[in-house]
Amino acid sequence: MTLAGRNMNKTSIYFIGIGGTAMASVAVALASKGYSVSGSDNQLYPPMSDFLAAYRIEVHEGFNPASLVSTQPDMVVVGNAISRGNPELEEALNRHMRLVTMPDVVRELLIRDATSIVITGTHGKTTTTSLTAWLFEHAGMHPGFLIGGIAENFNTGCRPNGNEHGGYFITEGDEYDTAFSDKRSKFILYRPDIVVINNIEFDHADIFDSLASIQRSFRQMVNLIPSNGLLLCNGDDPRAQEAASGAYCQVERFGMEAGAEWSARDITTDPDGVSFTLLAKRKPVTRIKVPLFGEHNLRNTLAAIAVARHAGISTERIAEALMLFRGPKRRMELIGVSSQGALLVDDFAHHPTAVKATLRALKERYPERRILACFEPRSNTSTRNVFQREYVGAFSDADLVAVGRVHRAERYGNNGALDTRQLIRELQERGIQAWAAGSGPEPYPDDIATWLERTLQPRDVVILLSNGDFSGLKTILTQTFPKKDE
């Protein structure tokens with residue numbers, strides 16, 4: 001029997017690792033469909049802790065076998081951060097409970113018979129998926145979606161398809177592995193009909209040993225697209241085009257390259273966003289404006305437009321929707337303003353390419369302001385020294401840089417971790433004021449808050465760059481930067 005073959009009103013689902021962005025969002029979406037949902041996690045922090053609480057999802061703190069046993073779920077969803085040795089996983093295995101992965105649940109209970117749109121790539125997935133879902137929503141198509149963040153236009157990261165049969169489900173297709181028992185990239189399991197490949201770079205150094213292994217995963221995913229499907233790839237990225245070359249379906253490109261089927265010309269920027277002339281099949285169509293900044297977001301927008309047009313949405317409705325788009329949380333999100341007009345911005349960027357693109361977009365948006373970048377090496381790639389040289393160039397648009405402590409640096413011994421002192425020296429050699437936090441007498445990250453208090457000038461822009469909670473720095477800074485809506 002498939003997952004979908006059960007009576008949803010009698011099915012209980014328990015999520016081990018429910019605090020992850022995608023896991024929490026899927027849990028809420030399934031609860032809205034009538035499933036009985038609960039779960040557990042060790043460390044929960046906003047926005048996902050607040051999100052789960054708002055929807056009254058029962059969450060057990062810590063991984064306690066007693067919580068699992070007392071719930072007696074029909075199925076147990078095992079998050080990809082959960083490994084052997086986890087007490088609840090071991091209990092579930094010993095009791096022969098039904099174990100499934102999050103992508104299994106998404107495919108069987110949420111995508112089902114809908115047209116499956118999968119947005120992939122090393123960078124830009126969350127924004128592009130949010131854009132695409134909003135274009136479909138504004139057109140009255142009531143799509144389902146799974147986004148790796150909280151989409152501001154929806155105030156959720158996942159919801160069921162609004163159509164009883166057919167319709168569309170739009171998924172952010174992560175290349176990270178599926179679960180302890182399934183090391184395939186998640187996007188393999190989403191039954192893709194329409195696929196976007198934004199770009200392909202080396203990332204996730206904890207599960208991929210080389211760029212070539214990442215490229216193999218993308219080629220495997222491309223090989224699953226049916227012949228009547230569609231693949232849209234970044235025409236400015238050679239690796240994306242190489243992956244697309246093996247497709248058995250129609251392939252179209254988006255980007256700045258002159259031959260791309262979906263492109264932009266006459267690009268202008270003002271304080272409210274970027275405007276451009278949309279070219280479809282290399283012919284001018286209409287003038288578009290979107291409240292986003294940076295060339296990377298222009299490509300994200302083109303990809304979303306291309307998907308929407310193939311679904312029959314008119315350019316007029318697309319243009320209307322883009323003007324009303326609100327970016328996902330933690331993507332250049334303005335979270336506070338000081339009494340003297342300095343801004344506090346939060347962003348998920350941690351890969352050097354993403355850091356560089358984000359800082360460039362920020363400088364484009366605020367050309368007359370100083371940019372103070374606070375960077376936390378926290379992800380499994382950014383904490384390693386694989387991008388030691390690339391990080392130096394990533395901060396070229398920052399005026400001052402504070403580099404946080406490497407998260408769990410002890411994992412790598414003496415040679416494997418990112419050398420923050422070397423990074424600081426090389427940034428200083430390029431004329432950028434930089435210092436390494438977490439090495440002085442003051443507790444970390446309070447030392448960064450003290451540095452900002454000493455350094456901050458009116459109308460500066462402070463940006464937090466981390467894929468985590470920056471050891472609580474954002475909470476500490478709320479005294480200096482009250483919430484923007486206060």
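Side chains included, hydrogens not; waters and symmetry mates left out as well; all remaining heavy atoms used.
Residues V196 and K125 fail the side-chain proximity criterion, which asks for heavy atoms closer than 4.5 Å. Side-chain atoms of S275 and R287, non-hydrogen and from C-beta on, do get closer than 4.5 Å to each other.
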Determine all donor-acceptor pairs shorter than 3.5 Å in which one atom belongs to a side chain in residues 421-429; sequence neighbours excluded.
from : atom 1 : to   : atom 2 : distance (Å)
Q422 : NE2    : E426 : OE2    : 2.9
Q428 : NE2    : A434 : O      : 2.8

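With sequence neighbours excluded, the residues satisfying ring-ring contact (aromatic ring centres under 6.0 Å, His included) with Y168 are F136.
Between R331 and E152 there is no salt bridge, since none of the side-chain N atoms of the basic residue sits less than 4.0 Å from a carboxylate O of the acidic one. Ion pairing of R239 with E201 is absent here, as no side-chain N (NZ or NE/NH1/NH2) approaches a carboxylate O to less than 4.0 Å. Using a 4.0 Å cut-off between charged nitrogen and carboxylate oxygen, R159 and E137 count as a salt-bridge pair.
Across K183, R184, K186, a single residue satisfies salt bridge (Lys or Arg N to Asp or Glu O under 4.0 Å) together with D177, and that is K183. Remark: of the listed residues D346, D347, D469, D346 is the sole one forming a salt bridge (Lys or Arg N to Asp or Glu O under 4.0 Å) with R330.
Checking D203 against T381 by side-chain atom types alone, a donor-acceptor pair falls below 3.5 Å. Side-chain contact, S466 with E376: a donor N or O sits under 3.5 Å from an acceptor N or O. A donor and an acceptor atom, one from each side chain of T126 and E172, are located under 3.5 Å apart. Side-chain contact of Y190 with D174: a donor-acceptor pair under 3.5 Å is absent, judged by distance alone.
A donor-acceptor pair is defined here as one N or O able to donate and one able to accept, closer than 3.5 Å; no such pair exists between the side chain of Q388 and the backbone of L418. In terms of modelled atom types and a separation under 3.5 Å, the side chain of D236 and the main chain of M256 share a donor-acceptor contact.
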Check against side-chain hydrogen bond (donor to acceptor under 3.5 Å, both in side chains), Y391 and D419: CA-CA 11 Å; Y391 275 119; D419 188 334; over 6 Å; no
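Using bins of under 30°, 30° to 60° and over 60° for the plane-to-plane angle, the ring pair Y176/H204 lands in the perpendicular bin.
Note on residues 361-372: pairs passing side-chain hydrogen bond (donor to acceptor under 3.5 Å, both in side chains), not counting sequence neighbours, are T269-E364, K363-D399, R370-D460.
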